[in-house]
Amino acid sequence: MRCKEKRKDGVYQILDWLEKERSDSVHLFWTCVFKDHILQKYPVLRLFRNNLIDGSFRVYENLPAPVDQTERENKPVQIKKSTAKEKKRERKRKKRHEEMEEDKQPGPSCPSIPKKKKPAKKLMFFSESTAEMKRSGEEVQDEQKKEGEEEGREEEEDNTGPVHPSVFQAPSLPVSCGSVNGVLYKCRFASGSRSKSIRTEERWFTPEEFVRQELTLIDGHWKKDIRCHSKTLNYLSKKQILIVHSLLCSCNLCSPMEQDLLDEKNDDECFICDSDLGDLLCCDECPRAFHHQCHLPAVQDDSLGEKWMCTFCVLKTKQRCRQPRQMTEKEALDSSISQYILHCEYLLLYMYKEDIDWVFIEDPTKTVSGYSRVITDPMWVDRVKTKLQNKQYKTLGQFVSDVRLIFHNCHIFNKGNKFDKLGSRLSEVFEREFKTIFNIE
């Protein structure tokens, strides 16, 4: 036992020295340890490496408090009191033992047989032929437990029914954990504990962080508790839909650098135009990122402070601090627009975001042939934005009237085609957000 404890202490001393004195060589150290000939000789290392690769190795931030050896030695030993039956059994065992000793004593006609000394146990190291037989009981139990969990998960997957593989081909996948919903971006996925790959409305999460958002789960695990189209992430990993990176991976997604971890907190593309080209301005309150000119109002670098919030978050924060009073639609439309500039910019940003193909953004008289012959009063989103910035609206009703004119013209010109349906959908989005932010009865 002493020798085993000394070996364990020696291993930890080497790892501590490596981390403190040669931290730049940690990756090289484990690369050398995980050579094939070493893994064949030591199955414990092979099991450890496999756990790192498949992401099943659990990292615990808080270690249990060490037990003082002196306290353990000074702790009084509790002596269990023997019952009458136990004392009787002990006397019988002692008597039988004495009788057996008497039988073993050499008689007068029998030569004395010297007692053989039991050979001392020899300290042996693992060899290729006996490695599998020498594994500790704990390791075998861990493997059996792991196999049992895998079998249970496979049975659980079978019960969910078949899912066509095409539903998993999208770059982003809807995921849920209990009542918590989000979107998993495959290009960001690395493992359970690294790389924030799941986005909600509030922020980005790693799979392990996402599981912890479901407060009803006591001991949740990202592989079995996060589901996508009724399948677990363990299923997606087995089908190679998600690729789990090794803990030794040094790619950007797995990088521990402070700047890389900071970049993971926001989107990789502009929230409005969905482009990742150019410099992006990241909101400090939500996961959104914007090009300077895509945001409303447009942002200048010299106007940025230490902390910046987008229009969505500014409006949300203001309404959280001061709940807007209920009003009728007529009261809202008759209000002066000067006190609702932020609300109008919020609505325009929603329009830019929802119009993916930019059908209603630019002047239709320049892009659609014959438009001017049918529509006498054309209107588009860029024009509404320009009029708002130039303070050409006096009341909120004038602003809303121009937005509604865009969808009215669309219906008149298209009459039932796909653009008419698109206009109807965007009109519903606008009316819903308009009534929500103005708290209209």
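We count residues from 1, following the sequence as given. Hydrogens, waters and symmetry mates are skipped; everything else that's a heavy atom, side chains included, is used. Keep in mind that what you see is a predicted model, and the values were worked out from it rather than measured.
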In a table with atom names and distances, give each donor-acceptor pair under 3.5 Å that connects a side chain of residues 14-21 to protein atoms at least two apart or in another chain.
none

What's the shortest heavy-atom distance between [X] and [Y], and which atoms?
{"X": "S255", "Y": "L261", "answer": "O-CD2, 3.8 Å"}
{"X": "I243", "Y": "H245", "answer": "O-CD2, 3.4 Å"}
{"X": "S275", "Y": "L280", "answer": "O-CD2, 4.3 Å"}
{"X": "S237", "Y": "V244", "answer": "OG-CG2, 3.5 Å"}

**Message:** Parallel, tilted or perpendicular: which one describes the rings of F168 and Y235, with boundaries at 30° and 60°?
**Reply:**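 F168 and Y235: tilted rings.
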
**Request:** Anything under 30° is parallel, anything over 60° is perpendicular, the rest tilted; go ahead and classify F312 against Y350.
**Result:**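 Ring orientation of F312 relative to Y350: perpendicular.
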
Atom [atom1] of [X] with >12 non-hydrogen neighbours under 6.0 angstrom:
{"X": "Y371", "atom1": "OH", "answer": "yes"}
{"X": "L262", "atom1": "CG", "answer": "yes"}
{"X": "Q339", "atom1": "CD", "answer": "yes"}

Taking side-chain hydrogen bond (donor to acceptor under 3.5 Å, both in side chains) as the definition, give me every residue that meets it alongside [X], ordered by chain and number, with sequence neighbours left out.
{"X": "N266", "value": "none"}
{"X": "Y185", "value": "none"}
{"X": "E202", "value": "T200"}
{"X": "Y340", "value": "none"}

Compile the donor-acceptor pairs under 3.5 Å between side chains in residues 403-412 and protein atoms, sequence neighbours left out, one pair per line.
| unit_1 | atom_1 | unit_2 | atom_2 | d |
| --- | --- | --- | --- | --- |
| R404 | NE | E431 | OE2 | 2.8 |
| R404 | NH2 | E329 | OE2 | 3.0 |
| R404 | NH2 | E431 | OE1 | 3.1 |
| N409 | ND2 | D377 | O | 3.0 |
| N409 | ND2 | L405 | O | 3.4 |
| H411 | ND1 | D420 | OD1 | 3.1 |
| H411 | ND1 | D420 | OD2 | 3.2 |

**Nearest-0.5 Å distance, CD of residue Q319 to CG of residue L342** =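 So the CD of Q319 and the CG of L342 are separated by 8.5 Å.
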
**Message:** Can you tell me how far apart CG (L348) and CD (Q389) are? Round to the nearest 0.5 Å.
**Reply:**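 Here the rounded value is 9.0 Å.
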
**Message:** Please enumerate all residues that pass salt bridge (Lys or Arg N to Asp or Glu O under 4.0 Å) together with K307, with sequence neighbours excluded.
**Reply:**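 E285.
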
Side-chain donor or acceptor of [X] paired with backbone N/O of [Y] under 3.5 Å:
{"X": "S246", "Y": "L248", "result": "yes"}
{"X": "K387", "Y": "F399", "result": "no"}
{"X": "D284", "Y": "M309", "result": "no"}

Please enumerate all residues that pass side-chain contact (heavy atoms from CB on, under 4.5 Å) together with [X], with sequence neighbours excluded.
{"X": "D334", "result": "K330"}
{"X": "E214", "result": "C177, S179, V180, T216, L217"}
{"X": "T386", "result": "N390"}
{"X": "I361", "result": "Y352, D355, W358, V381, D382"}

**Request:** Only one of K265, R199, K196 passes salt bridge (charged side-chain N to carboxylate O under 4.0 Å, His left out) with E209; say which it is.
**Result:**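 Exactly one candidate clears the test, K196.
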
**Member of H295, H343, K316 meeting the side chain to side chain donor-acceptor pair (under 3.5 Å) criterion with T311** =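 The residue from H295, H343, K316 that satisfies side chain to side chain donor-acceptor pair (under 3.5 Å) with T311 turns out to be H295.
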
**Residue pairs involving residues 162-178 (criterion side chain to side chain donor-acceptor pair (under 3.5 Å); sequence neighbours excluded)** =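 Qualifying pairs, neighbours excluded: H164-S166.
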
**Message:** Under a 4.0 Å threshold between the charged nitrogen and the carboxylate oxygen, would R188 count as salt-bridged to E264?
**Reply:**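 The answer is no: the pair does not qualify as a salt bridge.
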
**Request:** With F210 as reference, evaluate N181, L184, V175 under the side-chain contact (heavy atoms from CB on, under 4.5 Å) test and give the passing residue.
**Result:**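 Among N181, L184, V175, the one meeting side-chain contact (heavy atoms from CB on, under 4.5 Å) with F210 is V175.
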
